[in-house]
Engineer: 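First, the structure itself, so that you have it in front of you.
Quick note on labels: first sequence line is chain A, next is B, and so on, each numbered from 1.
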Amino acid sequence: MNLKRLLTERLEAALAAAGAADAQAIVGPATRPEFGDYQANGAMAAAKHLQQAPRELAGALIQAADLDGVASAATVTGPGFISLTIDDDLLARALTGPIIERLAGQRVVIDYSHPNLAKEMQVHHLRSTIIGDAVARVLEALGHTVLRQNHIGDWGTQFGRLVAHLDDIGEDADRLTDLESFYTQASSRFDAEADFAGRARQAVVNLQTGDPATLARWQRYIDISMSHCQAVYDALGVSLRPEHVRGESAYNADLDGIIQDLDAKGLLTESDGALCVFPARVSAKYTDQFKAKDGRPVPVIVRKSDGGYLYHSTDLAALRYRADTLNAERVLYIVDARQAMHFRQLFALADVAGYGAGVSFEHHPFGTMLGRDGRPFKTRQGGGTRLLDLVEEAKARARALVEAKNPDLSDAEMDDVARAVGIGAVKYADLSKNRTSDYVFDWDAMLSFDGNTAPYLQYAYARIMSLFARGEVDPESATGPLAVDAREEHVLALQLARFQETLELVASSVMPHHLCTYLYELASAFMRFYESCPVLGSDAEASRLLLCARTAATLKDGLDLLGIETIDRM
RNA sequence: GCGCCCGUAGCUCAAUCGGAUAGAGCAUCGGCCUUCUAAGCCGACGGUUGAAGGUUCGAGUCCUUCCGGGCGUACCA
C-alpha cells in the first residue's frame, strides 16, 4: 500500500474541487513528530494562485477531502501546512496486506557493469555493477519487465595485442588465470617488439574482417575473461548471468548499416576524413549545445578517418537495438559521470536520426573513484585493487569479527555470516551514498561494521529471528491483530507501511540510497521498539509479534533487493 | 577558454517538486546487560550549508557573480 499516493490522490481531488485542478498536494513524511505522520505542503502554493488565505484554503481542503479511514487527524499548522495522522485501522490493513504491490509494468533496459574484458574487474567497476543490480531488482519486484544488458568491452584495438600474445604462448588456459599480468605482458611487448606490434595490428584487421582463426582465438580469450567476471558476480551475489551479456562486438555487423542510414538521412558530414554528425547543425534544438571554444559546433564522430568505428557508433547501434528489438520503453545507463557528455551526444544523435522515439533514455551517473590522497585513483601495477581481492578481504575481516563476537557459532555458520556481513558491508557502503561527485576509495570505511551499515540491518533481522526461535513461534503465524499503543509501536508500524512508496521512489529516481536510508530507519525504529516494548509474554504479544514478523520480512525483502543476504544468527 | 558535476558538523554522508527548529553514522565524553543477541539502546558535544547579492510567504535546494575542487572538451572507451 502506498500511503503517500493515497493521501496525494485524496487531497488533489479536493484541490481540484476547490478550483486548483493542476495544483499538487506535495505530500511527504512529516518533518517533526508533533506534525503527525505526513504533511501536505501544496495548499500554500495553490492559495497564491487562487488568491486565498493559505490557512483558510488548507482548512477547506481538510473539510472537502475524503479522509475517512485514511487519516484519523488532519490539522492546519504553521502558515498553511496540512498535518496528517494515519488512521490505525489503515495501518493495520497496510501491515497485513502484501509487502510489495506490483504495478502495471514497463519494459526497462538496464545497462550496467559493462566490464572491460582486456583486464580483470577492478574496484572501480563496483559502483555500476552494484547500483545497476539493485535498481534491476527493485524494478522487477514492482512488476516491471527488466532486461539486463551487460555491454562488455570485448572489441577494439587492444584485443589485437591480446590475441597476438595468446597466439604466441598457446591456448593453454592456465596462462590466463592472471589476466592482469597477461595484459601487462601483451602491452609491453607491443611497445618493445616491432614484429609483435605488427602482428597485433594485423590481428585487429583480421578480427574486423572476420578471419575465422583470429575470431576463434579472440573468442577463447573472451570466454576466459568473462568467466573471471562471472566468478566476481557470483562472489558478490550479483544477478548478472551470461545471457545478459551483449557486448560491443555484438553490434559490429550493424555499424555499416548505421552509417548508411545516417547518410541516407543527410546527417553525415566529412571532416578531416572522419564521418561526423553535427547535432547543432541538423536540429535547431541543439544549436546552443555542443560548442567548442571558438563557438564552432562539436561533432560526434561516427567513423574514424581510417574507417574504424568508435563507441558512439557502437552505442548508437545498441540504443537502436534496445528500442526496436527489445522494445524498451525506458533505458537506464548506469555509467560513470565522466561520460555525461558522451551520453548527451548519443541521445542527441539518436534524436536527430529518429531512433527510439518515445523511449526514455536516461544516463544515471556516479562519481569517479579517488585514492585516499584525494587524487584520481590509479590502478597500481600488479593489482591490489582487484574486485575479487576486495571480496576476499571483506570476508576475512568479517570472519575475524564474528569469531570475536559470537564464538559459539559452528565453523560453517561463521563462514555464512562472514560472507553475508563482509560482502553486505561492501555493497551497502556503495549503495547508501548518492554521490554524483567523486568519492574516496577507503578500505577501512568500506569494511566498517559500525553504525549505518549492512551489519546493523542484518543484526536487527537476526535479533527478530532469535526472538521467534526462543518463543517457538512461526513468523508466518504472527498475523496480529495490530494494536498500536506505545509511541515506539506507532513509529515502527508507520515506517513499515512506507516500504512501497520507498521502492517506487527508487524506481523513479534510480537512486538505491533511498532504500538504504529507509531500511536503516526501519531497523533503528525496531531497535527502539525492542528496547522499550517486551514482546514474549506481554499483554500485547499478538500485535507485537506481528510488528516483529513484518519488520523481519521487510528487512529481508529490502536487503534482498539491494543484493544483500540476511542470516538468522550472527 | 568553454561545458558538466560538486562544495553541508573534525571525518564520511542524508535532507523527495523550494517547506516548519538542516539530520544520521564515525570520532570524543557520560550513562544502560540477574528478562526476548550490548554488532544494541539513551544522553552530551559538534553548523554563518564555500562567499556575497537576488527571487519567494518560505532557499542547503532556484537565479547572478566570485572562491575552491573534480571531470570532460573531434578520431581511446
Engineer: With a non-hydrogen cut-off below 4.0 angstrom, is A/L467 in contact with a base, only sugar-phosphate, or nothing?
Structural biologist: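 Counting heavy atoms under 4.0 Å across all strands, the contact made by A/L467 includes a base.
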Engineer: Is A/Y309 close enough to B/A77 that one of its side-chain N or O atoms is under 4.0 Å from OP1 or OP2 there?
Structural biologist: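 For B/A77, OP1/OP2 do not have a side-chain N/O of A/Y309 under 4.0 Å.
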Engineer: Is the shortest side-chain N/O distance from A/R528 to OP1 or OP2 of B/C42 below 4.0 Å?
Structural biologist: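 Checking A/R528 against B/C42: at least one side-chain N or O falls below 4.0 Å of OP1 or OP2.
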Engineer: Would you indicate, yes or no, if B/C6 has its OP1 or OP2 atom less than 4.0 angstrom from a side-chain nitrogen or oxygen of A/T436?
Structural biologist: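 Result: yes.
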Engineer: With a 4.0 Å cut-off on heavy atoms, is A/Y456 in touch with a base, just the backbone sugar-phosphate, or nothing at all?
Structural biologist: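 The answer is sugar-phosphate, as A/Y456 gets under 4.0 Å only of primed atoms, P, OP1 or OP2.
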Engineer: Rounded to whole angstrom, note down the P distance from B/A24 over to B/C4.
Structural biologist: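 Each nucleotide's P atom is 36 Å from the other's.
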Engineer: For A/S271 and for A/G451, locate the closest nucleotide of RNA chain B by heavy-atom distance; then report the residue assigned to the nucleotide nearer the 5' terminus.
Structural biologist: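 Of the two residues, A/G451 wins.
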Engineer: Could you tell me how far B/A51 sits from B/U8 if I compare only their P atoms? Round to whole Å.
Structural biologist: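 Pairwise P distance, B/U8 against B/A51, rounds to 10 Å.
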Engineer: Less than 4.0 angstrom from a charged side-chain N to a carboxylate O is my criterion; do A/D485 and A/R544 meet it?
Structural biologist: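 Between A/R544 and A/D485 there is no salt bridge, as every charged N stays at least 4.0 Å from the carboxylate O atoms.
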Engineer: Taking any heavy-atom pair under 4.0 Å as a contact, classify A/E248: base, sugar-phosphate, or nothing.
Structural biologist: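 Touches sugar-phosphate only.
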Engineer: Once hydrogens and angles are ignored, does a donor-acceptor distance under 3.5 Å link the base of B/A14 to the side chain of A/T517?
Structural biologist: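 No, the side chain and the base share no sub-3.5 Å donor-acceptor pair.
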Engineer: Tell me which nucleotide among B/U37, B/A20, B/A14 gets nearest to the side chain of A/N434.
Structural biologist: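 Of all the options, the side chain of A/N434 is nearest to B/A14.
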Engineer: For A/G28 and for A/S305, find the nucleotide of RNA chain B with the closest heavy atom, then tell me which residue's nucleotide is more 5'.
Structural biologist: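 Checking each residue's closest nucleotide, the 5'-ward one belongs to A/G28.
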Engineer: So A/P29, base contact, sugar-phosphate only, or nothing? Heavy-atom distance under 4.0 Å.
Structural biologist: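 Touches a base.
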Engineer: Side chains of A/H364 and A/E362: do they bring a donor and an acceptor to under 3.5 Å?
Structural biologist: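 Their side chains do contain a donor-acceptor pair, which is all the 3.5 Å distance test asks for.
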Engineer: Taking any strand in view, what nucleotide pairs with B/A9 in a Watson-Crick or G-U wobble way, both distances under 3.5 Å?
Structural biologist: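 Looking at the geometry, B/A9 pairs with no nucleotide.
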Engineer: For the rings on A/H312 and A/F343, is their centre-to-centre separation under 6.0 Å?
Structural biologist: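 No: the rings miss the under 6.0 Å criterion.
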Engineer: Using purine N1 to pyrimidine N3 plus N6-O4 or O6-N4 for Watson-Crick, or N1-O2 and O6-N3 for G-U wobble, each under 3.5 Å, what pairs with B/C62?
Structural biologist: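 B/G54 is the nucleotide pairing with B/C62.
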Engineer: Can you confirm whether the side chains of A/T85 and A/D37 place a donor and an acceptor under 3.5 Å from each other?
Structural biologist: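 No donor-acceptor contact under 3.5 Å links the two side chains.
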Engineer: Kindly say if A/K433 contacts the phosphate of B/C13, meaning a side-chain N or O under 4.0 Å from OP1 or OP2.
Structural biologist: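 No, outside the criterion.
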Engineer: Which glycosidic conformation, syn or anti, is assigned to B/C33 if syn requires a torsion within 90° of zero?
Structural biologist: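 Classified syn.
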Engineer: In the structure shown, which nucleotide is the Watson-Crick or G-U wobble counterpart of B/U34, with both distances under 3.5 Å?
Structural biologist: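 No nucleotide pairs with B/U34.
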Engineer: Quick one: which of A/I301, A/I259, A/L316, A/I258 gives a side chain to side chain contact (heavy atoms under 4.5 Å, CB included) with A/Y309?
Structural biologist: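 In the set A/I301, A/I259, A/L316, A/I258, the residue that makes a side chain to side chain contact (heavy atoms under 4.5 Å, CB included) with A/Y309 is A/I259.
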Engineer: Which nucleotide, if any, forms a Watson-Crick or G-U wobble pair with B/U16, using both distances under 3.5 Å?
Structural biologist: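 WC or wobble partner does not exist here.
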Engineer: Give a yes or no on whether a donor-acceptor pair under 3.5 Å exists between the nucleobase atoms of B/A39, that is its base, and the side chain of A/Y459.
Structural biologist: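 Under the 3.5 Å cut-off, the side chain and the base do not form any donor-acceptor pair.
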Engineer: Side chain of A/V417: nearest nucleotide among B/A39, B/A74, B/U21?
Structural biologist: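 Side chain of A/V417 sits closest to B/A39.
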Engineer: Once you apply a heavy-atom cut-off of 4.0 Å, does A/N406 come out as touching a base, just sugar-phosphate, or nothing?
Structural biologist: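 No contact.
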Engineer: Among the candidates B/A39, B/G72, B/A74, find the nucleotide nearest to the side-chain atoms of A/M341.
Structural biologist: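 Of B/A39, B/G72, B/A74, B/G72 is nearest to the side chain of A/M341.
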Engineer: Using a heavy-atom cut-off of 4.0 Å across all strands, would you classify A/R303 as base, sugar-phosphate, or nothing?
Structural biologist: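 Nothing, no nucleic acid heavy atom in range.
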Engineer: Can you check B/C17 for me, syn or anti if syn means within 90° of 0?
Structural biologist: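 Glycosidic conformation of B/C17: syn.
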Engineer: Give the rounded distance in Å between these two atoms: CG of A/D450 and C1' of B/A38.
Structural biologist: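 Those two atoms, CG and C1', are 12 Å apart.
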Engineer: Could you tell me the separation between the CG atom of A/L562 and the NE2 atom of A/H513, rounded to the nearest 0.5 Å?
Structural biologist: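 If we round to the nearest 0.5 Å, A/L562:CG and A/H513:NE2 are 12.0 Å apart.
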Engineer: Using the six-membered base ring of B/A20, report whether A/F81 stacks on it, requiring centroids under 5.5 Å and planes under 30° apart.
Structural biologist: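 Yes, A/F81 stacks on the base of B/A20, since the ring centres sit under 5.5 Å apart and the planes are within 30°.
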Engineer: Base, sugar-phosphate alone, or nothing: which one does A/H513 contact when heavy atoms must sit under 4.0 Å apart?
Structural biologist: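 Since only primed, P, OP1 and OP2 atoms lie under 4.0 Å of A/H513, the category is sugar-phosphate.
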Engineer: Between A/R470 and B/U37, is there a contact of a side-chain N or O with OP1 or OP2 at under 4.0 Å?
Structural biologist: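 Result: yes.
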Engineer: When the P atoms of B/G40 and B/U16 are compared, how many Å lie between them, rounded to an integer?
Structural biologist: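 Nearest-Å result for B/U16 against B/G40 at atom P: 28 Å.
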Engineer: Heavy atoms from C-beta onward define the side chain here; which of B/C6, B/A77, B/C71 lies closest to that of A/R338?
Structural biologist: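 Within the option list, the nearest is B/C71.
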Engineer: Under 4.0 Å between a side-chain N or O of A/H514 and OP1 or OP2 of B/A15?
Structural biologist: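 It does, given that an N or O in the side chain of A/H514 lies less than 4.0 Å from OP1 or OP2 of B/A15.
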Engineer: Quick one: does A/K4 reach the base of B/U16 with a side-chain donor-acceptor pair under 3.5 Å?
Structural biologist: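 Answer yes: a donor N or O sits under 3.5 Å from an acceptor.
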Engineer: Hey, does the side chain of A/E541 reach the backbone of A/G537 with a donor-acceptor pair shorter than 3.5 angstrom?
Structural biologist: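 Flag set: sc A/E541 to bb A/G537 pair under 3.5 Å.
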Engineer: At less than 3.5 Å, do the side-chain atoms of A/T77 and the base atoms of B/A20 form a donor-acceptor pair?
Structural biologist: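 Side chain to base: pair found, below 3.5 Å.
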Engineer: Give the minimum heavy-atom separation between A/Q289 and A/R344, together with the two atoms involved.
Structural biologist: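 Looks like OE1-NH1, 3.2 Å.
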Engineer: Expressed as a whole number of Å, how far does the P atom of B/U12 sit from that of B/A44?
Structural biologist: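 Taking atom P in both B/U12 and B/A44, they lie 25 Å apart.
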Engineer: Using the side-chain heavy atoms of A/L536, tell me which of these nucleotides is nearest: B/G25, B/C36, B/G40.
Structural biologist: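 Of all the options, the side chain of A/L536 is nearest to B/C36.
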Engineer: Picking from B/U21, B/C6, B/U37, which would you name as closest to the side chain of A/E34?
Structural biologist: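 Per side-chain heavy atoms of A/E34, the pick is B/U21.
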Engineer: Quick check on B/C57: is either OP1 or OP2 less than 4.0 Å from any side-chain nitrogen or oxygen of A/R55?
Structural biologist: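 The answer is no; no side-chain N or O of A/R55 sits under 4.0 Å from OP1 or OP2.
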Engineer: Determine the interatomic distance between C1' on B/U61 and the same-named atom on B/G54; round to the nearest Å.
Structural biologist: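 Those two atoms are separated by 15 Å.
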Engineer: Name the nucleic acid region contacted by A/A445, choosing base, sugar-phosphate or nothing; use a 4.0 angstrom heavy-atom cut-off, strictly under.
Structural biologist: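 No contact.
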Engineer: May I ask which nucleotide in the shown strands pairs with B/C4, Watson-Crick or G-U wobble, both distances under 3.5 Å?
Structural biologist: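 Result: B/G70.
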Engineer: Tell me which nucleotide among B/C13, B/C75, B/U37 gets nearest to the side chain of A/S466.
Structural biologist: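 Of the options given, the side chain of A/S466 lies nearest B/U37.
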Engineer: Using a 4.0 Å heavy-atom cut-off, does A/Y520 contact any base of the nucleic acid, only the sugar-phosphate backbone, or nothing at all?
Structural biologist: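 Counting heavy atoms under 4.0 Å across all strands, the contact made by A/Y520 is with sugar-phosphate only.
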Engineer: Phosphate oxygens OP1/OP2 of B/C76: is one of them under 4.0 Å from a side-chain N or O of A/K304?
Structural biologist: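 The answer is yes; a side-chain N or O of A/K304 sits under 4.0 Å from OP1 or OP2.
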Engineer: Considering every strand and a 4.0 Å limit on heavy-atom distances, what is the contact class for A/A462: base, sugar-phosphate, or nothing?
Structural biologist: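 If one applies the 4.0 Å heavy-atom cut-off, A/A462 turns out to touch a base.
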Engineer: Pick base, sugar-phosphate or nothing for A/C516, based on heavy-atom distances below 4.0 Å to the nucleic acid.
Structural biologist: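 If one applies the 4.0 Å heavy-atom cut-off, A/C516 turns out to touch nothing in the nucleic acid.
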Engineer: Would you call A/R5-A/E504 a salt bridge at under 4.0 Å N-O?
Structural biologist: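 Salt bridge: yes.
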Engineer: Is A/N41 touching bases, backbone alone, or none of the nucleic acid, heavy atoms closer than 4.0 Å?
Structural biologist: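 The residue A/N41 makes base contact.
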